[in-house]
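Basis for what follows: all heavy atoms, side chains included, without hydrogens, waters or symmetry-related copies. Since the structure is predicted, the reported quantities are computational estimates derived from the model, not experimental observations.
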Number of protein chains: 2
Amino acid sequence: MSDTDRPPLVAPAPAEAAAYVRDARERRAFCTLLGRCHVAYDGRTTSHAGPADRLVALKPDLTLLVHAADGPKPQNWLAADALDVDVADGALLLTATRESPTEELCVTFESIEQAAAMAADETDATVEISGTEADLKERVLADPALVEPGFRALAAERDTPAGPVDVFGRDSSGRAVAVELKATRAGPDAASQLSRYVDALRRDLHADADVRGILVAPSCTPRTRRVLARDGHEFVSLEP
Amino acid sequence: MSDTDRPPLVAPAPAEAAAYVRDARERRAFCTLLGRCHVAYDGRTTSHAGPADRLVALKPDLTLLVHAADGPKPQNWLAADALDVDVADGALLLTATRESPTEELCVTFESIEQAAAMAADETDATVEISGTEADLKERVLADPALVEPGFRALAAERDTPAGPVDVFGRDSSGRAVAVELKATRAGPDAASQLSRYVDALRRDLHADADVRGILVAPSCTPRTRRVLARDGHEFVSLEP
DNA sequence: GCCTAGGTCCCGTGA
DNA sequence: TCACGGGGCCTAGGC
């Protein structure tokens with residue numbers, strides 16, 4: 001059955017829109033609603049947004065998105081496991097709910113300008129090609145000398161009591177080295193993460209073994225430099 | 001001029017769809033396209049996604065969103081400062097670009113099932129009501145004894161060389177206390193953050209002054225407990 | 001399910 | 001503008 005069997009709606013009455021959304025939900029179709037609505041969310045926090053023109057999208061997996069006019073992030077959203085579609089007081093009411101954690105997102109349309117829908121085929125994944133921290137790790141493992149001459153990489157994601165070190169190895173004089181990688185400009189959290197791992201390794205590899213810490217990133221902020229210096233760690237600039 | 005002047009489209013030809021999207025862009029309207037497309041992004045990373053049925057949304061601020069069938073996050077997106085709309089080889093081509101950082105998102109529609117649009121009025125903000133870290137800070141400042149009996153809160157966001165401490169105060173015996181707040185279950189990063197601040201305060205308040213660190217959150221993970229213990233800091237359970 | 005860390009994170013706030 | 005830290009973060013990978 002073709003989707004032209006469900007043509008878009010223009011200024012539908014609430015009952016007509018409700019039937020349209022229910023049909024989309026049952027067909028596991030994309031559905032978009034353009035109109036004036038207000039929104040209430042209750043769950044991890046609580047929020048309310050008064051009447052405004054918004055774009056509301058229902059996805060085949062029951063994700064409900066509410067977009068205001070600006071910004072890439074939805075104003076509200078819910079990866080729901082159930083969606084109720086009702087008409088109350090002459091308004092279309094979408095109530096999306098989820099358990100664990102208990103959440104509810106409720107959209108009330110005062111008026112709907114347009115509604116559209118399309119059944120979806122199966123999805124494919126996007127292919128990431130470059131620029132991630134994983135790519136930086138590949139580079140370092142393939143050519144450890146990028147960190148410093150004589151550096152040998154012995155393990156990736158080496159476990160410590162404080163968590164996994166991105167790259168663990170030894171320098172030209174045999175000292176243990178923990179390497180923390182960041183694909184983008186590094187902040188103080190990266191320096192602290194490195195310190196956690198170095199401390200854990202010092203305890204792990206015998207009594208207070210000599211362990212160096214190196215933060216590898218394209219760049220780092222001034223405060224990050226200070227935290228590194230304070231802890232006696234180093235910085236190496238490297239692009240992913 | 002009413003939006004019924006731009007009725008939705010059903011299975012439009014590429015040129016017709018292009019005109020529709022251009023019109024939406026110029027009116028600063030919401031516009032949604034449902035159809036089969038492939039997507040390429042180049043900027044902070046690089047990605048490509050082959051043909052599939054997707055929902056593409058253009059917002060009045062030139063945010064372009066590409067949604068696949070599942071998940072709350074868009075497969076690709078761009079907060080663009082320019083959008084080119086073209087027809088090439090019988091396909092609708094949307095090219096969104098941005099400078100600083102230089103990014104490009106290109107969506108090529110093989111076929112479009114439906115297109116819809118709505119001009120938007122001005123936007124209003126959502127009102128967050130409860131459950132945030134800011135709420136937890138209010139609670140603690142209003143009733144410092146929630147941290148521990150006799151605790152006095154002296155400053156919020158007190159600056160240190162390592163960054164601002166959420167709450168700074170003194171305990172019943174006059175010792176300085178740094179409090180790090182988390183509104184949700186705390187992880188190791190929270191413990192490290194606290195350590196950074198305590199270390200900075202010890203240096204700041206005279207030679208190695210006596211400074212306690214307390215992590216306040218609804219709960220914390222086991223590894224976080226260990227990092228706290230290692231650094232001699234404490235945990236207090238408190239809901240926002 | 002929980003824990004851990006990355007992200008084209010986005011976003012607000014302050015210097 | 002950058003820097004810093006929060007987020008209903010989301011998502012992937014382990015266990």
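- As a whole-Å value, the separation of A:Leu105 CG from D:dC9 C1' is 16 Å.
- A heavy-atom distance below 4.5 Å is found between the side chains of B:Arg158 and B:Asp204.
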Decide side chain to side chain contact (heavy atoms under 4.5 Å, CB included) for B:Leu33 and B:Leu92; before the verdict, give the C-alpha distance in whole Å, the side-chain angles of both, and the deciding distance to 0.1 Å. CA-CA 11 Å; B:Leu33 297 165; B:Leu92 172 65; 4.1 Å; yes

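- With respect to A:Arg196 and B:Asp189, no salt bridge is recorded, no charged nitrogen being found less than 4.0 Å from a carboxylate O.
- Closest to the side chain of A:Glu180, from the set C:dG6, C:dT8, D:dG6, is C:dG6.
- Contacts between residues 128-144 of chain A and DNA chain C, defined by a heavy-atom separation below 4.0 Å, involve A:Thr132, A:Glu133, listed by number.
- Dashed line: the shortest gap from a side-chain N or O of A:Trp77 to OP1 or OP2 of D:dC9 is not under 4.0 Å.
- Using a 4.5 Å heavy-atom cutoff, the side chains of A:Leu93 and A:Cys106 are in contact.
- Pairs passing the salt bridge (Lys or Arg N to Asp or Glu O under 4.0 Å) check and including a residue from residues 218-240 of chain A, sequence neighbours excluded, read A:Arg212-A:Glu234.
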Enumerate the protein-to-nucleotides 11-15 of chain D contacts in which both atoms are nitrogen or oxygen and the separation is below 3.5 Å.
none

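- Residues A:Val85 and A:Leu94 have side chains in contact (heavy-atom distance under 4.5 Å, counting atoms from C-beta outward).
- Here the closest non-hydrogen pair linking A:Pro218 and A:Pro240 is CG-CD, 4.0 Å.
- Looking at every heavy atom in both residues, B:Ala91 comes nearest to B:Thr108 through CB-CG2, 3.9 Å.
- At whole-Å resolution of the value, CG in A:Asp189 and C1' in D:dG5 are 9 Å apart.
- In DNA chain D, runs of at least 3 consecutive Watson-Crick or G-U pairs, each pair with both distances below 3.5 Å, span C:1-7 with D:9-15, C:9-15 with D:1-7.
- In this structure, the OH atom of B:Tyr41 is 11 Å from the C1' atom of C:dG7, given to the nearest Å.
- When rounded to the nearest whole Å, the span between CD of A:Gln75 and P of C:dC11 equals 12 Å.
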Check nucleotides 1-4 of chain D against the protein and report each pair of N or O atoms closer than 3.5 Å, with its distance, or say if there are none.
unit_1, atom_1, unit_2, atom_2, d
D:dA3, OP1, A:Arg185, NE, 3.4
D:dA3, OP1, A:Arg185, NH2, 2.4
D:dA3, OP2, A:Arg185, NE, 2.9
D:dC4, OP2, A:Thr221, OG1, 2.3

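- If you take atom C1' in D:dC10 and the same atom in D:dG6, they sit 14 Å apart, rounded to whole Å.
- Taking both residues in full, the closest heavy atoms of A:Val236 and A:Val147 are given as CG2-O, 3.5 Å, listed atom of the first, atom of the second, then distance.
- Distances shorter than 4.0 Å separate some side-chain N or O of B:Arg44 from OP1 or OP2 on C:dC10.
- The pair A:Asp166-A:Lys182 fails the salt-bridge criterion, with no side-chain N (NZ, NE, NH1 or NH2) lying under 4.0 Å from an Asp/Glu carboxylate O.
- When the P atom of C:dC10 is taken as reference, atom NZ of B:Lys59 falls 13 Å away, rounded to whole Å.
- A:Leu78 comes within contact range of at least one nucleobase, with a heavy-atom separation under 4.0 Å.
- Rounded to whole Å, atom P of C:dC10 lies 8 Å from atom CZ of B:Arg98.
- Look at CG on B:Leu64: it is 14 Å from P on C:dC10, rounded to the nearest Å.
- Distance CG/A:Leu238 to CG/A:Leu215: 11.0 Å, rounded to 0.5 Å.
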Before you tell me yes or no, could you show the steps for B:Lys137 and B:Leu141 under side chain to side chain contact (heavy atoms under 4.5 Å, CB included), namely the whole-Å CA-CA distance, both residues' side-chain angles and the distance that decides it to 0.1 Å? CA-CA 6 Å; B:Lys137 184 160 67 183; B:Leu141 293 177; 3.9 Å; yes

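- Within the nucleic acid shown, B:Thr184 comes within 4.0 Å of sugar-phosphate atoms alone, with no base atom in reach, counting heavy atoms only.
- Judged as a side chain to side chain contact (heavy atoms under 4.5 Å, CB included), and not counting sequence neighbours, B:Glu138 has no contacts.
- B:Gln193 places its CD atom 14 Å from the P atom of C:dA5, with the value rounded to the nearest Å.
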